[in-house]
Amino acid sequence: MGVFVCKGGCRMVNYEAKRIEEKWRAHWEKSGRDRTDEDSKRPKYYCLDMFPYPSGSGLHVGHWRGYVLSDVWSRYKRLMGYEVLHPMGWDAFGLPAENDAIKKRIHPAVGTARNIANFKGQLKRMGAMFDWDREMNTSSPEYYKWTQWIFLQLFDMGLAYRKEMPINWCPSCKTGLANEEVVDGACERCGTPVTKRNMNQWMLRITEYAERLLNDLDLLEWPDKVKKMQANWIGRSVGAELEFKLVDLDDRLKVFTTRPDTLYGATYMVLAPEHPFVQKLTTPEQRVAVSEYVEQTLAKSNLARQQMDKTKTGVFTGGYALHPITGEQIPIWIADYVLMDYGTGAIMAVPAHDQRDFEFAREFQLPIVRVIQTRGNETKVTDLMQESDTGDGILMNSGPYNGLTVPEAKQKLVDDLEAQGIARRTVGYKLRDWVFARQRYWGEPIPVVHCETCGIVPVNETDLPVMLPDVERYEPTGTGDSPLAAIESFVNTTCPSCLGPAKRETDTMPQWAGSCWYFLRFADPHNTEHPFDRAKVDAWLPVDMYIGGVEHAVLHLLYARFFTKVLYDRQVIGFKEPFTRLFNQGMMTLNGIKMSKSKGNVVNPEELVDKYGADTLRMYELFVGPPEVDAEWNPRAIEGVHRFLTKTYRLIAESAIHAPKEESPALRKLRHRFVHQVTERLVSFRFNTVVSAFMEFVTALSEQKAAIDQMTLQTLTICLAPLAPHLAEEVWELLGHTGSVFDQLWPEVDEHDLIEETAIVVVQVNGKVRDRIEIQRDAEQAVVRELALASSHVQSALKEKSIVKEIYVSGKIFNIVVR
RNA sequence: GCGGGUGUGGCGGAAUUGGCAGACGCACCAGACUUAGGAUCUGGCGGGUAACCGUGGGGGUUCGAGUCCCUUCACCCGCACCA
């Protein structure tokens, strides 16, 4: 124990964080303290961090936040008697490594390995109890073999398919993107505006799972915000497909609508410019205008199509449809506000009751017919409408349906049209199938071959993994081919089916692929025969607590849920949802902006660990604010936490020597109140207030005149252990124990010790505090009243007033109402 | 536009079910110990001389509102022509 002599000659214990932390880290490593025991009789608890992409820039204090949180939680659960699985691994496929490879001519595997070593060292210095024996890396063949295996299952189930279609294309990353990766019309990674490109693509049929992905959100203890974001993204809407006959054509036009009740208000139709009917509907007079408009639309980037002021544009095709009931002719237009990949790519436009249709109708002087009489809107002169009216009401201008309510009309109209075979109830989703191929090098090769005679043939399971070959140049070709296409030894192969010559698929999987199932692999990370042993996975999963940033709300979290459901259907696992509970930690900001290397505003944890120790930084990360809220880094405030730990260390170290066995009743009360408070705040994830509870307790202890007893010191140490594990182990040893503090159990609270005999009652007059009086807890109201009225402060407030009413909240407040 | 969130001292933030607003920490001020203090310890610290006033603004319910209701403003996040 370090001791220094202060000015006055007193000897003081010195808190040597660095020495203590190195000592215990070595200790834990040697004893295997952090390894998860498969044979433990304790109940299981799986606490998982969203595993990191090992970037070159390492960790900053913002990254620490989530890892500290999960570690505190894991250690707390350990002390609560659970066998905790708290693993860590690397989401190691991805563009930065590849871009680095292009720039520096280092193989991505080399750069990635170096970054991983760096990350791992940093995480170890944090003192987190990761079970490093389970470490894994999505870019290793041992792992991606099974990612490819899962792809084969998807293929076999018909959930992976190829389709020629215009997809989102990032000209800078030179690859296709999923819908989820396009933010405000730009590439999520690099911010480059995304364009459309027609490509033959691997897709995953995630839409097939839309309904279950939506419904099963109910099973999850996730932040409402995230559930809403997913629900919103899936975007379920109930409606109907209606068929319209076309004038002079044999075909029927299908439209999707959620408002079949407004059928009589349909004054025109709109097709997406890409709609297959456009050609045949267009009359010779309109041909030029139409093809010009179609060309224009296709040339527009997504960004332009979205962000351009929403002035409606469009062209009349010259064609007409027939109203299914009245037989009236309805002109058919094309406009880019109708999207080809939603619904049927065609709509019936009801300008009176849809704002977009209204704007379009105004722009092109198309008729507007009100068919719903809404409350407070008595006008029947539809030309006077200033905007569409989407309110509820009674049908009008709708022939036999007049007088029905909106829900009645929806029901009856669809029933009637259904009877004629020209309507069908359907559900539409905003969710699109997942573009699951990237034209880049550093990813899992998609394990199929293209055979001239057999077509697309999956690689035999026994031939997995399809190894990612070494290449000379990593640059994307930009032609839509991945760099793998240039490697003949990779491309040329034999067909697993007919054994004839065939070519390998050269696209790779998107970065999300590996993270779609890594949480399963952690239960059995070294299995070479299977992706994992089902019994192990079913025993550990689902993840009890999943901690990570909210930025994955619809990307990773939706994809991982989809994979889980597929594997459940495939009977590879026995549960439908991967993550029971989710917690999103807030970001760390500096000068109000998100901390990041690229913005040049990172705070390096290494220096802080050197100066104060990891325990101080851990605790400060918690103290900085509510864990779910963004927090501004305050370089000074960490001092306060460090002072607290120094004080705590001294208090325990110095008290340890002469600590009596017997505890005083006062300390016993103090201790129980503390444990109660800290536990309550911990379980409700109010970690910032957990830290203040410690501060208050230690201050109260240091104000004690009597020596602090052993029980109190032990309790303090155990409670502190999840937050400051190194310090706790050290003082646990100083208190004379030999084992790890993490083999102890979290202290229990005796409710009896929380009850105080006396209470302070606030005396108010007309709601204003006038005095405080001490009473026996069970004092009768009459006694309290007498004491309250005896107070001189109260008396002066009562002067020349008469008492109207008295309210007594037992042991808390006595309020006298006067006039 | 739609959906969600947040507004409390100089700052970060506390405040079970409506019941003492400002816990805890930072910064600041004063003092102690010191050759010295960017160490440590003690005290103070919303505004106002006071009565009182104070949780973005206005209104309401209540004996009592940061907390509930209505209204309004500001900022943040998500979605965004999804028929």
Side-chain angles (χ1 to χ4, degrees), chain A residues 4 6-8 10 12 183-185 223-233 235-237 239 255-259 262 270 272 305-308 310-312 335-339 341-350 353-357 359-360 387 428-432 550-551 553-554 592 620 623-626 628-641 643-644 646-647 650 680-681 684 686 688-697 699 702 760-772 804-818:
Chain A
F4 76 94
C6 79
K7 280 282 139 42
C10 58
M12 280 187 102
V183 179
D184 291 335
D224 284 341
K225 182 191 157 107
V226 176
K227 290 202 208 179
K228 285 212 172 94
M229 280 169 76
Q230 289 215 355
N232 205 329
W233 191 262
R236 181 181 199 267
S237 57
V255 302
F256 174 70
T257 178
T258 55
R259 294 296 304 275
T262 60
V270 186
R305 195 159 163 179
Q306 267 180 33
Q307 288 193 334
M308 214 165 343
K310 307 234 164 124
T311 315
K312 297 288 179 289
D336 65 4
Y337 82 91
V338 174
L339 309 173
D341 54 359
Y342 184 78
T344 61
I347 62 160
M348 63 175 207
V350 186
H353 305 292
D354 182 286
Q355 188 58 21
R356 295 152 301 180
D357 297 344
E359 284 163 18
F360 191 84
E387 55 179 5
Y429 298 95
K430 278 166 66 175
L431 184 71
R432 309 289 202 269
V550 75
E551 64 271 17
V554 283
Y620 178 62
F623 191 56
V624 72
E628 69 281 6
V629 175
D630 290 352
E632 172 74 8
W633 182 260
N634 179 346
R636 309 286 283 279
I638 191 171
E639 302 266 359
V641 174
R643 275 197 277 267
F644 160 74
T646 305
K647 195 169 151 186
R650 272 189 198 145
E680 193 178 63
R681 292 176 181 189
S684 50
R686 282 139 58 209
N688 53 328
T689 63
V690 167
V691 177
S692 35
F694 276 102
M695 288 172 166
E696 283 173 281
F697 185 50
T699 302
S702 54
I760 305 290
V761 168
V762 172
V763 184
Q764 300 180 334
V765 176
N766 282 355
K768 290 205 170 79
V769 181
R770 293 303 172 190
D771 206 353
R772 295 171 176 83
V804 186
K805 196 174 176 183
E806 292 166 17
I807 293 114
Y808 179 54
V809 180
S810 180
K812 273 187 182 165
I813 276 205
F814 190 78
N815 189 13
I816 304 164
V817 186
V818 297

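Below, read A as the first sequence line, B as the second, and so on, with proteins coming before strands; counting in each chain starts at 1. Everything numeric here is computed off the predicted structure, so don't read it as measured data.
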Here the distance between atom P of B:rG25 and atom CE of A:M695, to the nearest Å, is 6 Å
Here the gap from A:N815 atom CG to A:N766 atom CG, rounded to the nearest 0.5 Å, amounts to 7.0 Å
Note to self: At less than 3.5 Å, do the side-chain atoms of A:K812 and the base atoms of B:rU16 form a donor-acceptor pair?
What the structure shows: no
Exercise. Report yes if a side-chain nitrogen or oxygen of A:T689 is closer than 4.0 Å to either non-bridging phosphate oxygen (OP1 or OP2) of B:rA23; otherwise report no.
Key: no
In Watson-Crick or G-U wobble terms, with both distances under 3.5 Å, the base opposite B:rU40 is B:rA32
Whole-Å distance, A:E387 CD to B:rC2 P, equals 10 Å
Those residues at least two apart in sequence (or on a different chain) that pass side-chain contact (heavy atoms from CB on, under 4.5 Å) with A:D341 are A:L339, A:R432
Each nucleotide of nucleotides 41-56 of chain B classed B (base within 4.0 Å of a protein heavy atom), S (only sugar-phosphate) or -, in 5' to 3' order, makes -----------SS---
Check whether A:F360 forms a cation-pi arrangement with A:K312 (NZ or CZ under 6.0 Å from the six-membered ring centre, at most 45° off the ring normal). no
Salt bridge (Lys or Arg N to Asp or Glu O under 4.0 Å) pairs touching residues 804-817 of chain A, sequence neighbours excluded, are A:R785-A:E806
Between NZ of A:K228 and C1' of B:rC2 the distance, given in whole Å, is 13 Å
Applying the 3.5 Å cut-off to both distances, the Watson-Crick or G-U partner of B:rC2 turns out to be B:rG78
Grab the N/O contacts between the protein and nucleotides 5-11 of chain B below 3.5 Å, and write none if there aren't any.
none

Across all chains, not counting sequence neighbours, the salt bridge (charged side-chain N to carboxylate O under 4.0 Å, His left out) partners of A:D357 are none
A:R636 CZ to B:rG13 P, in whole Å, measures 18 Å
Residues passing the side-chain contact (heavy atoms from CB on, under 4.5 Å) test with A:V769, sequence neighbours excluded, are A:V762, A:Q764, A:R772
Hits for side chain to side chain donor-acceptor pair (under 3.5 Å) against A:N688, two or more places apart or cross-chain, chain-then-number order -> none
Sorted by chain and number, sequence neighbours left out, side-chain contact (heavy atoms from CB on, under 4.5 Å) with A:R236 holds for A:E211, A:L214, A:V238, A:V427, A:Y429
Sorted by chain and residue number, the salt bridge (charged side-chain N to carboxylate O under 4.0 Å, His left out) partners of A:D630 (sequence neighbours excluded) come out as none
Residue set satisfying side chain to side chain donor-acceptor pair (under 3.5 Å) with A:W233, at least two apart, ordered chain then number -> A:E180
Separation of B:rC79 atom C1' from A:Y342 atom OH, nearest Å, is 14 Å
Protein-proximity profile, nucleotides 60-66 of chain B, B/S/- by nucleotide at the 4.0 Å heavy-atom cutoff, equals ---B---
Applying salt bridge (charged side-chain N to carboxylate O under 4.0 Å, His left out) to A:R686 and not counting sequence neighbours gives none
